[in-house]
Amino acid sequence: MKLVVIGFGQCGGRIADEFARLNARARRQRGIEIITGTFAINTDVADLSGLSRVKPDYQHRILIGGRRTSGHGVGKINELGAEVAREDADKVVDAIRSAKRFFETDAFLLVAGAAGGTGSGSISIMAQHIKARYGDKPIYAVVVLPFEHEEETEVRTIYNTATCLKSVYSAADAVFLVDNQRYIRKDFSLRNNLAKINALIVEPFYDLLCAGEEKKAKHIGARVLDAGDILQTLSGWTVIGYGKSSLPMIRFPLERMRNFRKKSTETHKGIQAMDEAISELSLRCDPADSGRALYLLSAPARDMNMDLVRNLGDYLKELAPEAVIRTGDYPRERSALDITVVLSQLSDVEKVREYYNKSANFIQEIKRKQEEVESKLSKIEDASKAVPSLF
Ligand SMILES: Nc1nc2c(ncn2[C@@H]2O[C@H](COP(=O)(O)OP(=O)(O)OP(=O)(O)O)[C@@H](O)[C@H]2O)c(=O)[nH]1
Ligand SMILES: [Mg+2]
């Protein structure tokens with residue numbers, strides 16, 4: 001599957017940069033292309049120049065809102081981010097077409113951090129404009145949710161996140177939810193290592209995008225997971241995860257694991273990798289809420305057999321009984337067994353609901369404060385009535 005990737009704001013730009021790196025890796029290691037163009041959109045000149053893989057010209061690193069913000073960002077006000085995106089939408093929409101092999105693109109992937117100003121405000125507006133111009137290609141969004149410490153220290157964080165989520169959900173065909181906090185669960189030092197987190201965020205897309213683009217017979221599976229399968233799966237709230245069998249056994253969910261005890265080593269490894277993929281999903285959710293899902297098994301050809309594929313399918317079906325499940329196998333040379341899982345069309349996402357609920361309180365709080373200020377102002381105005389004015 002081939003994507004045009006567009007990053008908005010600093011977070012979006014850096015993750016788009018990471019996707020460009022993924023494409024370079026696909027080209028180098030596998031001789032294939034998975035990204036037809038990478039773009040970064042920002043109101044901040046300094047952030048744009050900090051990128052490394054996105055082409056360093058004004059057609060690929062696009063400054064928006066230049067007149068209003070003088071290239072210094074929108075300071076977390078996502079309404080302003082939305083406004084400048086509306087004003088400069090044509091600039092972005094026109095530039096996208098300059099992607100080298102635009103006609104081969106299967107879908108757009110738009111990326112932004114939900115809690116800031118520029119990315120949070122502009123991603124949904126741009127999704128709308130891109131859809132209006134290139135209606136035949138689906139639009140997917142990757143929305144990065146803030147760290148807990150950001151939610152505690154800045155009220156705008158919740159409000160921006162909620163408004164971004166609501167708007168992008170209605171503009172995009174599917175929204176990948178990525179929770180920054182998940183990546184520091186095991187390694188807190190990562191909190192200060194955004195580059196490492198960004199690499200972890202894009203990693204699960206590697207095999208997923210490559211599988212359908214392979215040209216060499218030895219890498220083409222018995223059941224190829226191609227762009228069509230991915231397009232059919234992605235819809236609404238979506239999460240993605242990735243697991244490797246070489247990692248230590250994860251204790252999740254143990255009861256189900258017991259049923260598989262007697263199965264072959266491959267199946268055992270496969271289940272272990274799938275457990276990891278599911279416990280490492282980009283956002284915590286209940287797989288039972290998904291309406292569509294897919295998994296891709298990537299392993300040396302000799303380790304893959306129909307039993308393994310079937311057992312993995314049965315296993316995922318147990319976890320996500322309501323989901324229509326698509327699958328594929330991807331023969332690779334490496335000795336590891338990897339599994340990529342996508343759960344889509346989620347009917348409930350607790351974290352999103354929480355943002356909506358919390359921001360509703362925030363709106364009331366803002367309204368109350370505003371009323372308080374207005375009533376104080378009217379008191380002082382009343383008191384000034386008897387005082388003559390100099391005008
Ligand atoms: N994973 C990841 N998250 C990031 C990165 N940079 C920022 N974030 C997250 O994204 C949120 C938005 O921050 P930015 O992307 O810097 O904001 P912006 O879109 O540039 O908006 P303004 O600077 O306010 O105009 C932050 O609150 C962080 O949670 C990054 O490189 N990687
Ligand atoms: Mg910024």
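For this chain, numbers begin at 1 and follow the sequence in order. First listed ligand is number 1; within each ligand, the first listed atom is number 1.
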Requested in this report: Number the atoms of ligand 1 from 1 as they appear, then name those within less than 4.0 Å of a heavy atom of P146, with their elements.
Outcome: 29 (O)
For [X], which part has a heavy atom under 4.0 Å from ligand 1: side chain, backbone, both, or neither?
X: D44; result: neither
X: I197; result: side chain
X: N180; result: side chain

Would you mind checking which non-hydrogen protein atom is closest to [atom], with the distance to 0.1 Å?
atom: atom 20 (O) of ligand 1; answer: Q10 N, 2.9 Å
atom: atom 5 (C) of ligand 1; answer: C11 CB, 3.6 Å
atom: atom 6 (N) of ligand 1; answer: R14 NH1, 3.4 Å

**Report entry** Ring-face cation contact, Y58 with K91, 6.0 Å cut, 45° max
**Finding:** no
Under 3.5 Å, N or O to N or O, is [X] touching ligand 1 that way?
X: G119; answer: yes
X: S120; answer: no
X: G12; answer: no
X: D47; answer: no
X: N42; answer: no

Within the 3.5 Å criterion, strictly below it, is a donor on [X] or [Y] matched to an acceptor on the partner's side chain?
X: D207; Y: Y242; value: no
X: T233; Y: S344; value: no
X: N23; Y: T38; value: no

Query raised in the report: Taking C-beta and beyond as the side chain, do C210 and Y330 meet within less than 4.5 Å on heavy atoms?
Result: yes
Requested in this report: Give a yes or no on whether atom 23 (O) of ligand 1 lies under 4.0 Å from any heavy atom of the protein.
Outcome: no
Query raised in the report: CZ of F8 to CZ of F39: how many Å apart, nearest 0.5 Å?
Result: 10.5 Å
